[in-house]
Structure formats: structure tokens, C-alpha cells
Amino acid sequence: MPPDPEGRIVHGFSNNEDAVLVKAPPAGMALVQTVDILGPIGNSARLFGQTAAANALSDVYAMGGIPWSVMNVAAFPSPENPDDAPISVLAEIITGAMEKVAEAGAVLAGGHTLDDEYIKFGLAVTGAIDPAKAARNDGLVAGDVLILTKALGTGILATGIKAKWPGFEEAEKEMYRWTTHLNTAAAEVIRAMGLKAATDITGFGLGGHLLEMAKGSGVSAELDCSALPFMDQAEELASFGLIPAGTYRNRDHASCHTTVSSSADELRSTLVFDAQTSGGLLLAVPQERVQEACERLNALNEPAFIVGRILPMRDKKEQLIIA
Amino acid sequence: MDNAMLDCRGMICPQPVIETRKALEQKPAVISVLVDNAPASENVRRLLEKSAYSVAVEQREPSLWAVTGSAGAACTVCAEAEAIIEKSGERSRRTLVFLSSEFLGSGNDELGAKLMANFLLTLPEMGENLWRIVMVNGGVKLTAAPGRALDALKKLEASGVSLLVCGTCLEHYGLLEQKQVGETTNMLDIVTSLDLADKIIRP
């Protein structure tokens, strides 16, 4: 159980109560709520639990929020045969998740497990946020510079791990290194700098999520292929064809709003759409404050990769330009 | 080395890449890989290119790609793959038989049951066009009651005919555990099957 030093849980579930009484965040703060559930990724139950928790918490961080309380949501096939995953796997997943919830400073307000055909795990997260200062999906302005805080490649690495491709043990370590990392520091920078637009990179990939933001904001966005950060092995595995179908789907779905310049690397222009799990935050920062943002991130030991910029609409259309 | 032909239809990523990689261990001079989805065609192309083959990707049908790699310069689909492609082109009809009762016709149920068994035993005469049998309502009882009809269904399934059995109906008749043949399915699969079929027979 994650600690609760402030006594946020007023009345818990220890006596089989069905609902949990949670103290509200301080006056003036709004709630930011989200739920995210994943199928297993990689082969470690505990690190999958950490990943699923980091992934769910990330939606709160992407707005600049602070996680307040969480609820576990789990699906697990009840073991009937010797080959079935034992119930200890579920315990490991939850242990991993709670480690990340504790790290995030949130409390556990219960959860629900159902008997299901496949393992799934995630969190419903409630965060606290100053509503006037929340970073939004539709707050991009032409001239903004795009800073990404994690390397890309979870979709590729997960595929390589599934295929047991040579070197997959290292690929798994590399993948979990990124996916279990909380986006706390990036959220802190959103708050400290009052950034207006940010998102977290997950299933639609960097390109898909950026295009969504551009459409919401009425702007175009340019990504610089050569500046994209990739996890170790990601490009190598992708060049062997270990690209998940979802990545191609993301690319094809975005295709009528995407322009790929002839100078862009062909493989990277596809990997822009690699479906991420627990990806980094994409921060839109006004040009004159880019250095400040990078310094703030680095001071918190968070990487800052400058990957692109925001442009006005092109031909009255929101476009994603891959250069 | 010899040419290689891989039939990776029905496989999703990364399986076609894994199969192709295994085949490449024999260092074939020409390798043709058949896949039925676009991501697989692109991924197999990448693997072959990475393995220093010159590659051609041909889309032969809406969901059939032949990805051919050649260690030399010229690149043509190998003969064995060509034969499969031609054969799949000939398959123009998908006949679906829709059974909503365990009896054939109405009048006398004893006679109807006999006729149904005969009907199922005679269905193989349709040849390769017979694609799928969908059983709903009383039709699902055919999958559970021992007898000639059940034997006929087992034979049909063994010959490659797909049998879809309505799960809701099995549950209604308490037959989920007794079902001996076919794949338990839902209404979405049934409606999709009806849509995909070229011809539907409802005896």
C-alpha cells in the first residue's frame, strides 16, 4: 500500500467497505480524472505493473496535474490449469503499480478485479490541478518549439521481445527503463513555466498525438526526423520488420494530413507513429523560453529532446510535416 | 541454394517476420512470402531488404500480397507461390449454409431430423465452394446430439469447412459443455459471415 502521510483516506476499505471516502484537494483546485488499462507488455509482471501505473498517471501529468488518489482496475483469468498464470502474478503486477503510485505521492482508494479471459491492468487516477493553469491538448501556437521527454520505440521493442529476436533480453531492459519512468518532472516544468499545451505520447504515437493537438489548435506541426530520440535497438529492430500493425495503422490513419519530405528517412517517418506505452510528455514551449525549459528539465534529471516546431496552417489545413 | 516459398496468410505481425527469418537460414536464392495483410507485407519487405535481397512486393488481391526477395538482381515470384496465388484467384464463390433448426423442413420432426442428417452428409458434394456453416437457435443442437448429423458435421469440419455455432443459443439450451464440433461465436461474427458470403443457403 502506498503511504498516506496526510490522511487523505478518511475511511478506507480495510473493513470491507465497498467505497472509499477521500479528502478533497485544497480549495480552488480542480480534479483531473482519467483511466487507462493495458494488456501485458514484456515478460515481467512487476515491471508491467509499474509501466501500467506510469502510463495511467501520465495523463494527469500531461495537464500539469498532481496525482491525488488512484483505483486499481484489473482483469485476470482465474487459474484452472497448471499452465495458467498463478494468482501471484496479479499480486506482482499490483505490487509494481503501487511502487509507482507511492513514488507519485498518490494514495490508493480501492479498485476492482474481474475474472476475464486475458490479463489487463491499469489505474483510474484522480489528480489535483489549478484549473486556470492546466496545459491542454489544443493550446498550440505557431512559433512554439516541441520538446519530448522520453525516447521513442516501445511498440518496436515490445514486438521484438514478443518475437524473441536476438538481443530481446536487453531490449526488454531498455523498454522498461523508459516505460516505468514517471513523467513527474515534466509535469513540474509545465506548472513552473505555466506552459499552455502538452500531451503524453501513447497509442497513436508521437505523430498521431501531435496531429490531434494541431487539429485542436488550428496549426500545423513539423517534426525533424533526424532529431528524434530512439531507445537502444529500436531502429535496428524496426529495420528487420519488427514493427507492430498498430504503428502502420497510426501512420495510415494520419496519412491524409501528413506530408513526408523527400529528405526524411523512410524508416523514421514510419517510426514517428510507433505506438508508445507510457511515453514521454510532449511540451510546447514558446521559442524564447526553450533554453529555460531544457535547463529546468535537466536540473530534474529529465531528458529534453527538441523534436520539432509549430507552424501556421498550410493551405487552410492542419498538417503534420515530417522533415 | 533452392528457392523457398512461405505461406504466411492468416498470420499477424510479428509471426510472418519470424517465419521468414527461419526460412532465410537456408539462404534461398529466391524467397516468396505470401501474406494477407499490409503491415506483414511491409515488415517482410524490410526484413528481406535488410538481409540483402532485392525485393518486389506485388499486391495480387485486396488481401493477398506476394513479397519476393532475390539474391540476384532479377526478382520474380517463385513458381510454387504463383500456383497458390492462381488457385486463390479461382476461389470466387463462398457458399454459406445457415441452419436455424435441427430439422430440415416442417411437417414431421422425426422425418426432419433424418433429412437434416442426409443433407449434411450430402453437403460435401458442393465441393470447394462450401465455405461455412452457421448454426443458430435449434440448429446448435446438431453440434451436441450424437448421431449421423454430428458425424457429418465433424467430417465437414475436418475437411476445412468452418462451423460457427451461436454461443447465446448454446447457453439457452444448456449445451455449452456438450458441444462437440465447431467454433462458438457471437452475432457480430455471424452477421459478418453473412455479409462476406457470395451465396447463402437456408434449407
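Because the structure is a prediction, the values reported are computed rather than measured.
- Summarising the local packing, CG of Asp315(A) is surrounded by 12 or fewer heavy atoms from other residues, nucleotides or ligands at distances under 6.0 Å.
- The number of heavy atoms from other shown groups lying within 6.0 Å of CZ (Arg314(A)) does not exceed 12.
- The local environment of NE2 in His257(A) is crowded, with over 12 non-hydrogen atoms from other residues, nucleotides or ligands closer than 6.0 Å.
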What verdict does the side-chain contact (heavy atoms from CB on, under 4.5 Å) test give for Asn43(B) and Leu242(A), after you've listed the backbone C-alpha separation in whole Å, the side-chain angles of each residue and the deciding distance to 0.1 Å?
CA-CA 7 Å; Asn43(B) 280 338; Leu242(A) 292 159; over 6 Å; no
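- Contact annotation for Glu42(B): both backbone and side-chain heavy atoms come within less than 4.5 Å of a heavy atom of chain A.
- Contact residues of residues 157-176 of chain A toward chain B are Thr159(A), Lys162(A), Ala163(A), Trp165(A), Pro166(A) (heavy-atom distance under 4.5 Å).
- Enclosure of atom NZ in Lys120(A) by more than 12 non-hydrogen atoms of other residues, nucleotides or ligands within 6.0 angstrom is indicated.
- The CZ atom of Arg46(B) lies 13.0 Å from the CG atom of Leu237(A); values are rounded to the nearest 0.5 Å.
- In Phe204(A), the CZ atom is not crowded: 12 or fewer heavy atoms of neighbouring residues, nucleotides or ligands sit closer than 6.0 Å.
- Atom CD of Gln59(B) has more than 12 heavy atoms from other residues, nucleotides or ligands within 6.0 Å.
- Using a 4.5 Å heavy-atom cut-off against chain B, the contacting residues of residues 262-273 of chain A are Glu266(A), Leu267(A), Thr270(A).
- The OH atom of Tyr248(A) lies 10.5 Å from the CG atom of Asn37(B); values are rounded to the nearest 0.5 Å.
- Summarising the local packing, CD1 of Ile87(A) is surrounded by more than 12 heavy atoms from other residues, nucleotides or ligands at distances under 6.0 Å.
- Chosen from Ser51(B), Pro14(B), Pro16(B), the residue pairing most often with chain A at heavy-atom distances under 4.5 Å is Pro14(B).
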